[in-house]
Q: 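Shown below is the structure under consideration.
Per chain, numbering begins at 1; letters A, B, ... match sequence-line order.
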Amino acid sequence: MSELETIKLALGDKVSNIAWDLDGWVIQLKNSNLLNLKISRRLVGISFDWEWHFVTTLIMHEEVDEAGLHLYREMKRREVQIRRRGILRYSYEWVTGELLIKVFPELPPANDLLISLNRDENLQHLLRRSSIDELYINTYFELGGASLSDQALRKYYESPTMVGWLITAIKGPGSEWRFGPIVKRIYELLDYLAGKLLEFSRELESRLAFL
Amino acid sequence: MSAQSTSVIRGLTVRSILIGAILVIVAQAIGDMTWLYTSKTGTINAFWLPFIYIVLLNELIGRTNPRLRLTAQELVCIFPALALVNSIKYYPKGALSGGEALSGYIEKTIVSVGAGMNDPTTGEYWRMMTPPWMFPKDPTMIAAWQTGLTPGQQILWGEFLPPIIYWSLYTILMYYLALFLGFGVWGRRWVDVERLIFPLSIPMIYMIHNASDIDPETNKSRWFRLQEPTLRVFWVSFFIGLIASLIPVFGEVVPPLAVFGAFAWGEQPLLIFGLPSIMPGAMAKGVFQVDQVALWLLLPNNLLITAVLAYVVFGLLYQWIGVISGALPYNPGMEFLWNWEDIPANWFPFPYRHVGILGMMVGLGIITLITLRSRFVELARALRGRSENEYGLSTRSIAWFGLIVTIAILALFTASGVPFIIALAMVVFAYIYWTALARVTATLWWHVDDFANNGGVGTYIFPLGVALGYWPATVPTTGTTNFGLFATGILTIPFNNTWTLRVNGFGPGAAVTYYKIARETGTNVRDAIVAATTIIAIGVVFGYVWRIWLLNHAGGLANSNAWAWTAGMKFSNFIGGTSYVPVGATDWVPGLTYGLVGIIIIAVVWFLRSRFAWFFIDPTSLTMSMAVGLIWTWLSGLVALIIKVVLIRTIGVRRFESYVIPIAAGISLGFGAPILLAGLIEFFAVVLPRFSAQFVP
């Protein structure tokens, strides 16, 4: 069974359409918190081990007004990622995103999203179940208009064209022979996470509206 | 002519040519003397100077005068001088194995024939059959080969001149064929398209890259900047490797541990003593290699799992169930034997080692050549004028080189007395088997078993001669008088693969590994191949002359470590009998049957692996495991797999990715570094005194 067929089987009736895009499959989803999911793989270092990247976007506003700009910048302060511990059985902790610290050192991180995610038992269960290696929640961005990625990130921060989240999950080597279950579990994790993020973002937006 | 030479740098300079030429002569002179008179035949048996010391010396010289510092590309161009003398084991750690280097070729050619002529039981036969271009006919020279010159006696160089020319040509052509295939056929695809890992090349590439990164302000190599995390990891790993080298040191010098042996500086056999009482018949032996474990951290999990799984299925379950069910006989101690000894891997009903050697390796070679068919088309086009510049090397030059070498081999074999069709079959099998050898080396490691000695000739080449009426189906035990068969038997080893070829410093796997090193260090590929061919030509001719001088002047076969027994091997397997497999076979039919089974297995596994993502069994890893009787793969594979999984789970994929190469390179280079000290002690304490005591001016 090919990888594509495995993905189709794992996601079942959630799949609306699948198309190849540059380096991976873009899957349009239905009846889900996720509209789309890109699954691609890349070689780890020089070896033939593959790692799988699962990337999805949660767009909240496709046009950015003053309120949207404010929302985007507040969301930026809430970028988080997981820190994984353990050898045989993993435990996960949400921490402030490295990209935020590295590229935007002047922005004070806000920890309400981080606390909320860390308190979510169901999320912890889904993380353990998927045994994901890396997971990043960043604000949506497009890399353009600058030669260096850091500069491009800053430029997009200054004038975003869309407001939303970009979620990237990475599963490291050793996935090949249980790829189906892994795809299914990571999808369930991302779907749940997307629901949480949408809920949090709407609540944040309403909070900002009162300020 | 299109160019792919944007970033290649010339390495072939006057000084690199001179250093390479001088180095190969010095290295072969000292190395061959060490080989013949060492007391540590498993470990200190060639030229004991790991390449890291050349790199360090270059740094010292460069600090005193920057203009004298050799560039990375020049270092790559002098590297063949030491690789040629020291075998493929020199690439990752600087280890020595004279019997698997140029000295090994000398052993299996002129030494073997000369030993046969002195054999107490078959000597008369050998003296009758051996032509003067293979060994002198003069009785005094034959006798001196065995015991050395008597005082006042002289070497009759005129008698030795034809054998020197003949065997030098034979040996050089073998090296050149490997270089053609490595540089012309395999290398480009495996490096650029398939991106094979070439684990053996990693330490050398890492070392040269970093040592040649010079800070212009301080005129010092950045290799020693410990504040850089990856370099700090490298040096810490280097010292871990250094400590681990106590394994071969203890294996050589401490009597209770010496029973385990310490071949080639670190191939450490480990026995699982309790296993036979639980699973009688199951394989309870594995070879542990520190540098193999370190470099196998770079391999994908599925390759490592395949190696371990092959052991579980065939080494443990098949042998154990076979014994307890009565399908396999039980010989006490069979659990602890080597792959070439009397073990179930070589027995009916499923001789998996022979399935691996005669079938899976042949199948792997054929499939790989099929995948490379467009490369042959490119080379054929280049012969007619559509040449490409590939990183400095023109495809027309390499195509002509390959064509001339192949025709020259056919001409040499035919002129030697081998029937032309048989010569052609030998060359075809060399192309197939060498391709499989090189693929295994480029993917995993150097261990695969011998084709010629393990039924390859008896199964494929000998029956062809019978079918064509070149020789009868039964070889007399007193030795064949059919000169066609005699010449075939003499020339098939090492050409159709023995350990001397497969692990040679410029055998198939090493040649393509050297190509990888040239590519990764940005060396002009043409310069690399010109340097290698030049050094090989000088080294081979000098090697034969030097060996004739050494044996005649210092004790002969009887008083040195020379492999006189290779004459018996050639006699019993090819010219005074035929090697049929598996154990107990009386003709070539079982070998052919199991060969076919192996070819089918590898074709199916290859198809499944390329078609289905979930099918994780790797065809190359499975072939290597089976063809080498499992002993050399499973233990290092298991340890590497465990370390890799634990490392990824503790430090994460990203940091593992950053640090795995410095860790692997550091451990390998550190593990080999003490060889210099051990070599110096052995050379001055044993080799020189032993040589001097027997020296006859």
Q: Please report the C-alpha distance between B/V653 and A/I170 in whole Å, then the side-chain angles of each, then the deciding distance to 0.1 Å, and finally whether the side chain to side chain contact (heavy atoms under 4.5 Å, CB included) criterion is met.
A: CA-CA 10 Å; B/V653 179; A/I170 299 175; over 6 Å; no

Q: Counting heavy atoms not belonging to A/E62, are there more than 12 under 6.0 Å from its CD?
A: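 No, not enclosed.
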
Q: Which atoms form the tightest heavy-atom contact between B/R649 and A/R84, and what is the distance?
A: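 That would be O-NH2, 2.7 Å.
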
Q: So for B/I305, is it side chain, backbone, both, or neither that comes closer than 4.5 Å to the heavy atoms of chain A?
A: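 Interface part for B/I305: side chain.
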
Q: For A/R154, is the CZ atom crowded, meaning more than 12 foreign heavy atoms sit under 6.0 Å from it?
A: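 Count over threshold, so yes.
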
Q: How many angstroms lie between atom CD of A/E98 and atom CZ of B/R654, to the nearest 0.5 angstrom?
A: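 Nearest 0.5 Å value for the CD-CZ distance: 10.5 Å.
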
Q: Going by side-chain contact (heavy atoms from CB on, under 4.5 Å), A/D49 matches just one of B/I648, B/L298, B/N301. Which one?
A: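 That would be B/N301; it is the only one of B/I648, B/L298, B/N301 passing the side-chain contact (heavy atoms from CB on, under 4.5 Å) with A/D49.
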
